[in-house]
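Next up is a structure, given as structure tokens.
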Amino acid sequence: MMQVMRAVSASTLAGILAFGPVSVAGAQTATKTENPTAEKADAPSTVKSDAIAGTPADQEPVEERITEFTLDNGLQVVVLPDHRAPVVTQMVYYHVGAADEAPGESGIAHFLEHLMFKGTKAHPEGEFSRAVADIGGQENAFTTDDYTGYYQQVPASELAMVMKYEADRMANLVLTDEVVAPERDVILEERRMRVDNDPGAQLQETVQATLFQNSPYGIPVIGWRSEMEQLSRDDAIAFYDKYYTPNNATLLVAGDVTASEVKALAEETFGKVERRADPGDRDRALEPEPLAARTVTLTDEKVTQPSMQRVYLAPGETIAEPGEAEALDVLADILGGGTTSRLYRSLVVDKGIAAGTGAYYGGTALKESQFGVYGMPRGEASLAEIETAIDAEIAEVRKTGVTEAEPRTGEKPGSQEHDLSARQPDGDGPPRWRRAVDRPYAEGRRDLARPDRGGHRCRRQ
Amino acid sequence: MTMKALTSGLKGLAVATSFGLLAFASAPALAVDIQEVTSPGGIKALLVEDHSNPLIAVNFAFKGGGSTQDPDGKEGLSNLLTGLLDEGAGDIESADFQAKLDDLGVSMSFDTSYDNFTGSFRTITDFEDEAFDLLHLALTEPRFDEEPVNRIRGQIVTGILADRNNPEEIASKVFRETVFAGHPYSRPDEGTPESLANISAEDLEAFRNRVFAKDDLVVGVVGDITPEQLGKRLDQVFGSLNETADLTPVPMAEPVLGKTVNYDIAVPQTNIRVAMPGVMRSDDDFFAAYLMNHILGGGSFTSRLYEEIREKRGLAYGAYSYLASYDHGALLGIGTATRADAAPQTVDIIRLELQSMAEKGPTPEELEKAKAYVKGSYAVRNLDSSLAVAQTLVGIQLDDLGKDYIDERQALIDAVTLDDVKAAAKKLLDVSPTVVTVGPAAS
């Protein structure tokens, strides 16, 4: 049977790609491995897998514990001490992502991220990864539209070691055609896995390209196949030389360390890396005012379950009016942030026409962002019914606003948890941490208390 | 099976891939002081006291109460149950129950695997009395009202339909049905649209009543609670359960080897799954096999399969192997995905690597590094958060490893010799594997 997936522009926040899969043990049918919790990275099998209360980002004292400084070569450093376990995470974020790529070179930011594991003059391919593995450490890297990040999680005593290696590859990467060619095949396989084998992902890609017609956010992070196939060693080195420089990076160290220890180590390692370039201000072409509604339809005989999504252009937090990004956060939460949200109550519970529905806002995009709603029909319900019901909820919130009682996700009591997983990096890059520094959470909350902001709580994912 | 997939898209991948786990020094880095607690009512638990935050994490399992207990024709029953325990219990209907959890900041979730039904619960101490009451109600008096039952069932069915042509899902299904043919392990955890339609509220209650009992219960607790307080909580939550579970016996599953199966679907990339014999968790050569697997394909960026398939030849984004040790059977599995025309070549490489490992085993250096990693990363994967520690406390009991396992583990690994690993490799890999491919038939 032929089935249709439709979207009036659709979801997926900034696409995020990682260098390699992590924790493959237990990824398939393994229910019990040597590590009793090896499956923990898997999604829970219950249907309602909404965020567990108490995401670490809500921790109030985080701001107080953060120290920030800048090295002479321009490298920004953020330190977040946490002494409850002898562990440390190093993350280096380069302030460059797929949206910074030159026309015709889509995928180069992500390709370079892969190639950063190919060794340097002093440390040949694999040495860094083996050194991390030898101490039971974890590592990976990822690329988004706006950032490229590299991280390791290791015993605190090994921080100097990983800082040495990471600083080394900030300036001394060596690439040969011998290592570049098979790695290009790897990213092409990655594209096959993530996109070409999956009609849903193909629709997402098309929707982004339709929503962002002028902005680079319309180009997939992994790249268009025809352009990926042409990416060369020289392209990668040129991108590296242009953007991988200490004055275009943020080092974040979190864990069982003090700011002074990190400062001394950073001076010894990253401090020795000279400025290699001046990438200048980051810019993003903006969208013209969207005059016509656009509908994207993908028909594929492999699609067995239709779904619909709608995305609106929305300002990201850096270009939004004060309070606007927070208000959109709250609105997404009230409208579609879990089983107590309006969309869930209406479409899934009361009307019984949807299997899933929700709303989201991707405020961390560097410039323009998006606000989305989505729904997947259940039983005999049609896409049109889903869309009508979502429209009714949107109309209702436009007409009467929200109530004081509604938003509460950010204030759940359980969110006081300060769990060690707070140190796990995520694709949002430094802004989330910086936001905590630049704009104290409490202040943001006061601002949001104004009813005309559309809510009174701020949600951090 | 999660509706989140809709929103997540690529972002979901980021969550998965950035799930990097914290690492600990290879010495016993974290003092995990495990206490054995027995409640006044006789319920046992392992406890790690941690008074640094006003939080209590409780994990528990009904051992043997997983999807193997789903009656024939009602496959997916235990999975459906996991979605319904927090959808109303006692006098509290679904929406109110959810709102209470929300208001109290209580996290409560349930899961099922082939072998076990598990629960995970976390509360802050301010509201712990009411929170533990909610958990007790969820386990003992779930309502199974028509609306939530139909809703959750509908969500699961929708998910099944949505995944029907997902190559990875198909690969898992064909793999399972080939390797465990005729055994309960061959059945889909989440059931089928047909089997789910057969499940009534009475079936759900019958399963709960049969499986949730004191004699198959194991509990692990971490947090701001003393042994005395915990004793009372254990009785409050679990005290009224049946004394004994009434579990259906499950036969041993011998993995079916030597089969080659292709599922024909027009996609550009072929998924490959390979099955070999595994080891039971209680086998003496478990760690020898575990280390061997780590070298073969368990190490993320350093294994032989990763090196040969991805690094040298660029044939795949991921290539891995894993040991699955279930209660009633075990296997060593391999997985990767490559462009359709390269599938035969990739399968050949896997076969060669299996043969080479079976004949020669690892090098001393490989074994040394594997030991260092496996020792160092344990604390990371298992002890990096209160929830992880609580899970580990449950895992240790499910596997019957003993309260001192965390301390003893290093020595168990150090004791493995190169000859042990070679013997394990020979035993497991010197056979004809089952190979499943999902992609165009010509490949």
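Model, not experiment: these values are computed from the prediction. Chain letters run A, B, ... following the sequence lines, proteins first, then strands; residues in each count from 1.
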Have a look at Asn165(B) and tell me which of Val303(A), Asp300(A), Thr304(A) forms a side-chain contact (heavy atoms from CB on, under 4.5 Å) with it.
->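 The option that passes is Thr304(A).
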Heavy-atom distances under 4.5 Å only: say whether Pro220(A) touches chain B with side chain, backbone, both or neither.
->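 When you check distances to chain B, no heavy atom of Pro220(A) falls under 4.5 Å.
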Working to the nearest 0.5 Å, report the span between CG of Leu188(A) and CD of Gln269(B).
->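 Here the interatomic distance stands at 11.0 Å.
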When you check the gap from the basic side-chain N to the acidic O, do Glu311(B) and Lys118(A) get nearer than 4.0 Å?
-> yes
Check against side chain to side chain contact (heavy atoms under 4.5 Å, CB included), Leu315(B) and Glu189(A) = CA-CA 7 Å; Leu315(B) 286 168; Glu189(A) 283 304 332; 5.8 Å; no
Side chain, backbone, both or neither: which part of Pro167(B) has a heavy atom under 4.5 Å from chain A?
-> side chain
Check whether Val349(A) gets within reach of chain B through its side chain, its backbone, both or neither, counting any heavy atom under 4.5 Å.
-> both
With a 4.5 angstrom heavy-atom cut-off, could you sort out which part of Glu125(A) is near chain B: side chain, backbone, both or neither?
-> side chain
Classify the ring geometry between Phe117(A) and Phe301(B) as parallel (under 30°), tilted (30 to 60°) or perpendicular (over 60°).
->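 Phe117(A) and Phe301(B): perpendicular rings.
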Is there a side chain to side chain contact (heavy atoms under 4.5 Å, CB included) between Asn271(B) and Asn197(A) once you walk through the steps?
-> CA-CA 10 Å; Asn271(B) 270 271; Asn197(A) 257 27; 4.0 Å; yes
Please flag which part of Arg313(B) lies under 4.5 Å from any non-hydrogen atom of chain A: side chain, backbone, both or neither.
-> backbone
Relative to chain A, which segment of Thr302(B) carries a heavy atom at a distance below 4.5 Å: side chain, backbone, both, or neither?
->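 Side chain only.
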Looking at Ala171(B), Ser120(B), Gly154(B), which has the largest count of heavy-atom pairs under 4.5 Å with chain A?
-> Gly154(B)
Within a strict 4.5 Å, meaning less than it, do heavy atoms of the Gln155(B) and Val348(A) side chains meet?
->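 Yes, close enough: below the 4.5 Å cut-off.
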Interatomic spacing from OG1 in Thr158(B) to CD in Gln305(A) - rounded to 0.5 Å = 5.0 Å
What part of Arg191(A) gets closer than 4.5 Å to chain B, counting heavy atoms only: side chain, backbone, both or neither?
-> neither
Quick one: pull up CG in Leu101(B) and OG1 in Thr339(A) and give me the separation to the nearest 0.5 Å.
-> 8.5 Å
Quick one: CE on Met193(A) to OG1 on Thr336(B), what's the gap to the nearest 0.5 Å?
-> 10.0 Å
Counting only heavy atoms closer than 4.5 Å, note whether Asp196(A) contacts chain B via side chain, backbone, both or neither.
-> both
Test side chain to side chain contact (heavy atoms under 4.5 Å, CB included) applied to Ala289(B) - qualifying residues, sequence neighbours left out = Val279(B), Leu323(B), Ala424(B), Leu428(B)
